[in-house]
2 protein chains.
Amino acid sequence: MAEQKKTKAGRTKTSTAPGRVRRDPERTRARILEAARVEFARRGLGGARIDQITARAGSNKRMIYYYFGNKEALFLAALESAYEAIRMAEQSLRLTDLEPAEGIRRLVRFTWDYYLAHPEFITLLNSENLHRARHLKKSKEIQALHSPLVAMLDGLLRRGQRAGVFRRGVDAVQLYISIAALGYFYLSNNHTLSTIFGRDLMRPQALKQRLGHMTALVLGFLSK
Amino acid sequence: MAEQKKTKAGRTKTSTAPGRVRRDPERTRARILEAARVEFARRGLGGARIDQITARAGSNKRMIYYYFGNKEALFLAALESAYEAIRMAEQSLRLTDLEPAEGIRRLVRFTWDYYLAHPEFITLLNSENLHRARHLKKSKEIQALHSPLVAMLDGLLRRGQRAGVFRRGVDAVQLYISIAALGYFYLSNNHTLSTIFGRDLMRPQALKQRLGHMTALVLGFLSK
DNA sequence: CCCATTATTAACCAATTGGTTACATTAGAC
DNA sequence: GTCTAATGTAACCAATTGGTTAATAATGGG
């Protein structure tokens, strides 16, 4: 990946002559990143266009190469920022004070709600998996991408087992993947599934039923 | 979509002068379709290249437009052929003679095995969902794309309920989506998940554990 | 055997694309 | 106030791309 030039830390803004853009490297970079996230999520890495990103960011194409190096580095930055967003949201989840079954409900609900509110995260992830995670593998912040949900889930499972309300021998990572799978697949594939089943999987009633089913499935499995 | 020219039905092959390609429209079309399926699965619709498909098919670019019209029509044809393949495989599944729990195991196993053996189906579907199924919506054979597994599953659920070994009130479509989700998501996202968890989700042992977990989850939910 | 149609080959085209170059302006350090 | 570095603008470029045109050879019906 091309070396990225860095801005001076903590630069303050000052006046700018009329009719000229005030310089704001952090804002320029953030706008490019946001525009990139939208475009890559909408059209995938192969279909996304640098000029489209530029237009949406209200910037100049040169700035993309100045801040990010190339298209694929931009894609990785967009992906990392999407991961940071979900990890930040996960940090706010509090499950330790809940009884185990309620904690599971809350975790299933949180995961579902997040994917519902962030369809761009789903398509970005699909894009990255199409490319066999070759960008993510180069990321310098993989450690930061770990989900705190696995540890939370592990805690819930242990407390449930001790209380005698959950079955034993459940692997938290496996269950975490399953909880993600149930919501992710439904939303990710909703277009083809809706077309084939001839009904809109995104109708409010259908979404409500889906959440109920997912919760019942997971809790039904866990409960002794 | 551009109107597609059609070959005459049932044309027989005859001799061809040396140094010249014998005509074989069905074989040409089939090779292009297979090459398209590989290329679209590997690089997505936006990243796939017509010249790459041509080279892989051992044909001529003109032939792609002759048989399919344009790139997106070719993509739809590739997608339909992938659907036909899985539907054909599903037809061979026989569950009516099995007791309900064994039938569920068989169905979970079949779905998982199919996705394992056909990763191209997963990435093709992801591609089509990225484009909001706009190609599939134009397909003239959507009815044929319906899965027989839903009806099979419904039959299993009913027999299990009557025998008193399955819980009541389970929607076959919801459960079918969940069974697909558990395997599909794991395989579709295995690249990013492996990178983040720092372990290979595709190791034989991991795959075996995954199948065991999925079966336990579904049966654990169904069993009274 | 002739001829019209079909299937195929080879070359071509305009538009698009990711990325680069050259330059101008802003901004802060000294 | 000067000078250098950083940020930003505008124009440009070679390569690639999906799709088209023109022509040729194969094929089967009459």
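Throughout, protein chains are lettered first and strands after them, A, B, ... in sequence-line order, and every chain is numbered starting at 1. Just so it is clear, the values below take in all heavy atoms, side chains as well, and ignore hydrogens, waters and symmetry mates.
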* To do: Would you check if the distance from the ring center of A/Tyr184 to the ring center of A/Tyr115 is below 6.0 Å?
  => yes
Considering only [options], which nucleotide approaches the side chain of [X] most closely?
{"X": "A/Arg62", "options": "C/dT8, C/dT21, D/dG8", "answer": "C/dT21"}
{"X": "B/Asn60", "options": "C/dT9, C/dT6, C/dT8", "answer": "C/dT9"}
{"X": "B/Ser59", "options": "D/dA26, D/dT9, C/dT9", "answer": "C/dT9"}

* Structure fact -> Between the CD1 atom in A/Ile122 and the CG atom in A/Leu125, the distance rounded to the nearest 0.5 Å is 8.5 Å
For the pair made of [atom1] in [X] and [atom2] in [N], what is the distance, rounded to whole Å?
{"X": "B/Arg23", "N": "D/dG28", "atom1": "CZ", "atom2": "C1'", "answer": "10 Å"}
{"X": "B/Ile64", "N": "C/dA10", "atom1": "CD1", "atom2": "P", "answer": "15 Å"}
{"X": "A/Arg29", "N": "D/dA6", "atom1": "CZ", "atom2": "P", "answer": "16 Å"}
{"X": "A/Arg27", "N": "D/dT7", "atom1": "CZ", "atom2": "P", "answer": "16 Å"}
{"X": "A/Glu26", "N": "D/dA6", "atom1": "CD", "atom2": "P", "answer": "15 Å"}
{"X": "A/Asp24", "N": "D/dG8", "atom1": "CG", "atom2": "C1'", "answer": "12 Å"}

* Are there more than 12 heavy atoms of other residues, nucleotides or ligands under 6.0 Å from atom CZ of B/Arg109? -> no
* Asked: Quick one: is A/Tyr66 getting a side-chain N or O under 4.0 Å of the D/dT9 phosphate, OP1 or OP2?
  -> no
* If only side-chain N and O atoms of A/Thr28 are considered, is one of them under 4.0 Å from the OP1 or OP2 phosphate oxygen of D/dG8? -> yes
* Asked: Between the side chain of B/Arg199 and the main-chain N/O of B/Ile196, is any donor-acceptor distance below 3.5 Å?
  -> no
Salt bridge (charged side-chain N to carboxylate O under 4.0 Å, His left out) contacts in which one or both residues fall within [range], not counting sequence neighbours:
{"range": "residues 83-93 of chain A", "result": "A/Arg87-A/Glu90"}
{"range": "residues 36-47 of chain B", "result": "B/Glu34-B/Arg37, B/Glu39-B/Arg43"}
{"range": "residues 200-212 of chain A", "result": "none"}

Pick out the pairs of N or O atoms, protein on one side and nucleotides 17-19 of chain C on the other, that lie under 3.5 Å.
from   : atom 1 : to      : atom 2 : distance (Å)
C/dT17 : OP1    : A/Arg49 : NE     : 2.5
C/dT17 : O5'    : A/Arg49 : NE     : 3.4
C/dG18 : OP1    : A/Ala48 : O      : 3.1
C/dG18 : OP1    : A/Lys71 : NZ     : 3.0
C/dG18 : OP2    : A/Ile50 : N      : 3.1
C/dG18 : N7     : A/Lys61 : NZ     : 3.2
C/dG19 : OP2    : A/Lys71 : N      : 2.9
C/dG19 : N7     : A/Lys61 : NZ     : 3.4
C/dG19 : O6     : A/Lys61 : NZ     : 2.9

* Residue pair A/Trp112 / A/Leu187, side-chain heavy-atom distance below 4.5 Å -> yes
* Hey, can you pull the residues of residues 125-135 of chain A with a non-hydrogen atom under 4.0 angstrom from DNA chain D? -> none
* Asked: Got a sec, which residues hit ring-ring contact (aromatic ring centres under 6.0 Å, His included) with A/His191, two or more places apart in sequence or on another chain?
  -> none
